[in-house]
Amino acid sequence: MPEKNNSFSPLPPWPRTDYCGNLRATDAGREVALWGWVATRRDHGGLVFIDLRDREGIVQLVFNPAHDADAHLVASAARSEYYVAVKGAVVMRREGTVNAELPTGEIEIAVTAAEVLNPSNAPPFPIGGAENTAEEVRLKYRYLDLRRDGMQRNLRRRHQALRGARDYLDANGFIEIETPILFRATPEGARDYLVPSRVNPGKFYALPQSPQLLKQILMVGGFDRYYQIARCFRDEDLRANRQPEFSQIDIEMTGPRPEDIYAMAEGMMASIYKFALGVELARPFPRMPYAEAIERFGSDKPDLRFGLELKNLTAAFAGTAFKVFADVLARGEAIYALALPAECQLSRRELDELIESIKSRQGLGLAWVKINADGWQGPVAKFINDDERKRVVEAAGLHIGDTLLMVAGTPGKVCPLLGDVRLQLGTKFNLRDDAALKFLWVVDFPLFDYSDEEKRLVSVNHPFTAPNPADLALLDSRPLDARALAYDMVLNGQEMGGGSIRIHNAELQLKVFELLGIPRDEAAAKFGFLLDALGYGAPPHGGIAFGVDRIAMMVCGTDSLRDVMAFPKTQKAVDPMSGAPSEVDPRQLRELSIKVAL
RNA sequence: GGGGUCGUAGUUCAGCCCGGUUAGAACGCCGGCCUGUCACGUCGGAAGUCGUGGGUUCAAAUCCCAUCGGCCCCGCCA
């Protein structure tokens with residue numbers, strides 16, 4: 001029998017023949033050799049049972065002292081999460097001892113040799129049990145957390161999703177090219193992660209927020225079709241679906257029309273769902289202009305799994321005597337509403353809370369009326385005359401029992417607000433079809449938005465987005481009305497990806513910079529390499545980028561990015577396992593010519 | 001930067017409103033017994049900076065203030 005394992009040989013005592021979780025009745029009679037962790041041990045004093053776990057699942061080992069006394073001793077001494085190697089025969093379980101809960105439940109391993117390759121401290125939380133351990137603890141001992149079924153399944157499904165993407169892109173002539181992680185800081189966009197340059201004291205690299213400029217330059221460089229699973233970095237506050245470090249499937253092609261991008265991206269998404277879940281997606285995905293998405297759903301990423309669309313009641317209230325609405329209309333603003341059906345009843349208290357939450361956010365008011373069989377009820381019902389009621393019923397498609405929630409103000413504020421209320425109500429009344437996969441292209445984004453804070457135009461997408469050629473003339477007169485050749489892919493109310501056709505002409509690019517308030521010299525200093533590149537026969541080009549982590553969340557059916565990343569960070573951007581970020585040796589700082597001022 | 005919520009054995013929680021024994025339970029852990037279990041059973045045992053600091057009080061896990069940390073959200077994230 002094996003000599004006592006106190007030498008901790010780095011080599012296993014025998015090769016593995018199978019994964020535990022793969023063994024079946026058809027393997028009965030085979031001699032197998034397994035490695036794995038002790039999931040549970042059931043010690044009967046004589047007989048010992050151990051459930052051995054590896055990445056494929058669990059199989060029951062039986063240690064019979066009459067069969068092999070040494071192996072039985074090893075089993076008696078083994079504890080949870082010991083890593084052990086065993087040899088034995090696959091045998092059918094005897095009548096009445098089959099475990100229908102386990103895929104391997106028809107068989108067991110009659111162990112003839114066993115060795116502990118490495119013992120384990122008592123695990124700080126159960127690996128096999130319920131998943132209700134505090135996330136802080138799970139992240140600190142992530143290597144144990146990763147052994148759990150859920151994480152094993154999620155990361156493997158993520159792998160399959162990426163395989164689906166790569167398979168499709170490769171088959172369609174896209175070339176995978178890596179771009180630098182050490183890049184340069186550029187204005188616009190998120191806060192950069194900076195990396196000091198030792199050999200250039202006082203100068204810094206920035207980690208890329210995305211490979212946007214580099215992929216454009218790859219088009220100028222003649223690669224025609226490029227993709228990359230690119231790591232991106234943004235130093236902004238975290239959310240359940242936002243980590244400082246994340247991955248994109250980054251794609252760029254030469255000469256596409258938006259339709260070409262849609263078809264390619266739909267094909268890729270179909271391949272992802274096929275590889276990850278074996279699901280066939282219905283294509284093509286529907287499309288909706290940005291303006292319509294805002295008007296109907298109050299969002300540029302509408303969740304189409306339920307209705308409850310916004311209703312425009314501006315016309316219905318034209319000429320109203322109700323002063324609040326009349327004032328709003330006099331300013332040329334609008335009135336929008338949600339018509340909550342009879343089966344979704346809000347209590348008076350819930351209505352009051354809704355009004356409060358709206359006031360606290362935008363300073364807007366919410367007026368509600370209930371459409372009862374014997375008339376309208378609510379604080380403002382008496383201000384609405386019969387003519388208006390008739391028009392409102394028609395415009396909002398009201399039925400008896402409905403509750404009408406109305407908000408008045410500028411459409412730019414009212415619609416997003418009602419869009420949020422719509423989502424809240426959708427959750428509250430469980431209106432969503434959970435099984436649905438509602439893909440959607442949101443198209444015709446505006447090119448610019450006006451930033452009240454910065455008192456200037458800002459890009460809705462990014463400064464390299466091409467204007468819709470039909471709207472070129474608007475750039476000088478009414479830039480805010482100009483549409484972009486930009487598009488987002490939305491799934492169930494989540495933005496999965498977005499992209500645009502790019503500007504490939506240096507003059508037009510300079511003009512857009514100018515509209516954004518970036519003077520020529522600054523543009524030359526910060527984007528000179530791009531402008532230069534555009535000057536050398538740059539072909540028209542465009543592309544799209546997808547959030548890998550969000551795709552993984554969707555195919556894994558989880559609400560948290562941390563469930564689909566091996567080593568995520570907490571909301572404070574900390575890694576509880578390694579302790580990053582950490583202080584560094586003063587010598588390192590000196591080398592970098594950095595002084596820390598706290 | 002702001003709002004909400006949570007923090008008590010290794011883990012998951014109760015206790016906190018309404019201050020007053022030795023701070024409990026389950027799982028896990030340690031030891032004994034056990035040859036068909038699979039959440040094995042059974043007998044016994046160890047295990048706590050009640051996040052931290054301050055305050056009120058004769059007395060604080062419990063009340064007050066501050067602070068740190070986890071999670072959710074707003075701002076922010078082209």
Side-chain angles (χ1 to χ4, degrees), chain A residues 39-52 58-67 72 75-76 79-81 91 93-102 104-105 108 110 120-141 144-145 186-192 209-210 212-213 232-244 246 357 360-362 420 423-424 445-449 451 453-454 457-465 484 486 488 495 498-500 512 516 518 545 547 559-560 562 568-572 574 576:
Chain A
T40 58
R41 174 174 138 275
R42 295 176 291 280
D43 188 343
H44 290 231
L47 271 189
V48 175
F49 299 94
I50 283 178
D51 289 344
L52 195 67
I58 277 177
V59 71
Q60 173 165 281
L61 312 177
V62 190
F63 297 81
N64 191 326
H67 201 172
H72 179 260
S76 299
R79 294 292 182 271
S80 288
E81 302 308 315
V91 298
R93 293 198 188 186
R94 56 171 81 162
E95 186 100 26
T97 66
V98 168
N99 185 346
E101 308 282 304
L102 284 180
T104 60
E108 60 195 9
S120 173
N121 299 320
F125 54 89
I127 310 295
E131 299 197 10
N132 59 346
T133 303
E135 204 159 9
E136 207 176 351
V137 182
R138 288 175 50 198
L139 291 181
K140 177 166 183 196
Y141 300 95
L144 297 178
D145 192 41
T186 50
E188 308 273 309
R191 207 172 283 119
D192 285 317
Q209 298 177 20
S210 84
Q212 178 60 37
L213 293 167
C232 306
F233 306 86
R234 294 178 190 175
D235 187 5
E236 297 293 347
D237 288 349
L238 286 75
R239 288 284 189 285
N241 63 357
R242 241 161 54 193
Q243 285 271 317
F246 60 99
S357 78
S360 68
R361 261 196 44 189
Q362 289 278 2
D420 277 2
L423 293 178
Q424 280 176 39
F445 276 82
L447 189 59
F448 300 116
D449 193 8
S451 164
E453 199 176 313
E454 300 181 55
L457 294 182
V458 292
S459 294
V460 168
N461 187 225
H462 55 57
F464 319 108
T465 300
D488 278 359
E495 181 190 331
S500 61
V512 167
L516 291 170
I518 303 173
D559 293 327
S560 172
R562 297 181 298 274
K569 293 181 176 59
T570 68
Q571 197 157 51
K572 280 269 192 170
V574 162

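We name chains A, B, ... by the order of the sequence lines, and we start the count at 1 in each one. Since we're looking at a predicted model, the values are computed, not measured.
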Not counting sequence neighbours, which residues clear ring-ring contact (aromatic ring centres under 6.0 Å, His included) with A:Phe445? List them please. A:Tyr290
Tell me: CZ of A:Arg41 to P of B:G41, nearest whole Å? 13 Å
Close N/O contacts between protein and nucleotides 2-10 of chain B (under 3.5 Å):
from  : atom 1 : to       : atom 2 : distance (Å)
B:G10 : O2'    : A:Pro124 : O      : 2.8

Winner on side-chain proximity to A:Arg79, out of B:G1, B:U12, B:C30, is B:C30
Could you state the CG-C1' distance from A:Asp559 to B:C73, rounded to the nearest angstrom? 14 Å
Classify A:Val460 by what it touches in the nucleic acid, base, sugar-phosphate, or nothing, heavy-atom distance under 4.0 Å. sugar-phosphate
Between B:G70 atom P and A:Arg239 atom CZ, what is the distance in whole Å? 15 Å
If you compare every side-chain N and O of A:Lys572 against the phosphate oxygens of B:G69 (OP1, OP2), does one of them come in below 4.0 Å? yes
Regarding A:Thr465, tell me which of base, sugar-phosphate or nothing describes its non-hydrogen contacts under 4.0 Å with the strands shown. nothing
B:U56 - base-pair partner by Watson-Crick or wobble geometry, distances under 3.5 Å: none
For A:Asn241, side chain to side chain contact (heavy atoms under 4.5 Å, CB included) partners two or more places apart: A:Arg239, A:Gln494, A:Arg550, A:Met553
Send over the distance from A:Asn241 CG to B:C74 C1', rounded to a whole Å. 14 Å
Could you check which nucleotide pairs with B:C33 in any of the strands shown, counting Watson-Crick or G-U wobble with both distances under 3.5 Å? B:G41
Could you tell me which residues satisfy side chain to side chain donor-acceptor pair (under 3.5 Å) with A:Glu108, sequence neighbours excluded, listed by chain and number? A:Gln60
Can you check the A:Asn132 CG to B:A14 P distance for me, whole Å? 12 Å
Per-nucleotide protein contact along nucleotides 32-39 of chain B, 5' to 3', at a 4.0 Å heavy-atom cut-off (B base, S sugar-phosphate only, - neither), is --BBBBB-
Between A:Arg242 (side chain only) and A:Asp237 (backbone N and O only), is there a donor and an acceptor less than 3.5 Å apart? yes
B:G19 -> Watson-Crick or G-U wobble partner, both distances under 3.5 Å, gives none
Of A:Ile50, A:Asp51, A:Val48, the one forming a side-chain contact (heavy atoms from CB on, under 4.5 Å) with A:Arg42 is A:Asp51
From CG of A:Leu139 across to P of B:G69 the rounded distance in Å is 16 Å
Round to the nearest Å and state the distance from A:Glu236 atom CD to B:G1 atom P. 13 Å
Apply side chain to side chain donor-acceptor pair (under 3.5 Å) to A:Gln209 and list each qualifying residue two or more places apart in sequence or on a separate chain. A:Asp192
Measure from CG on A:Leu238 to C1' on B:G75 and round the result to the nearest Å. 14 Å
Given that both distances must come in under 3.5 Å, which nucleotide forms a Watson-Crick or G-U wobble pair with B:A9? none
If only side-chain N and O atoms of A:Ser560 are considered, is one of them under 4.0 Å from the OP1 or OP2 phosphate oxygen of B:C71? no
Scan every strand shown for a Watson-Crick or G-U wobble partner of B:G28, both distances under 3.5 Å, and answer none if you come up empty. none
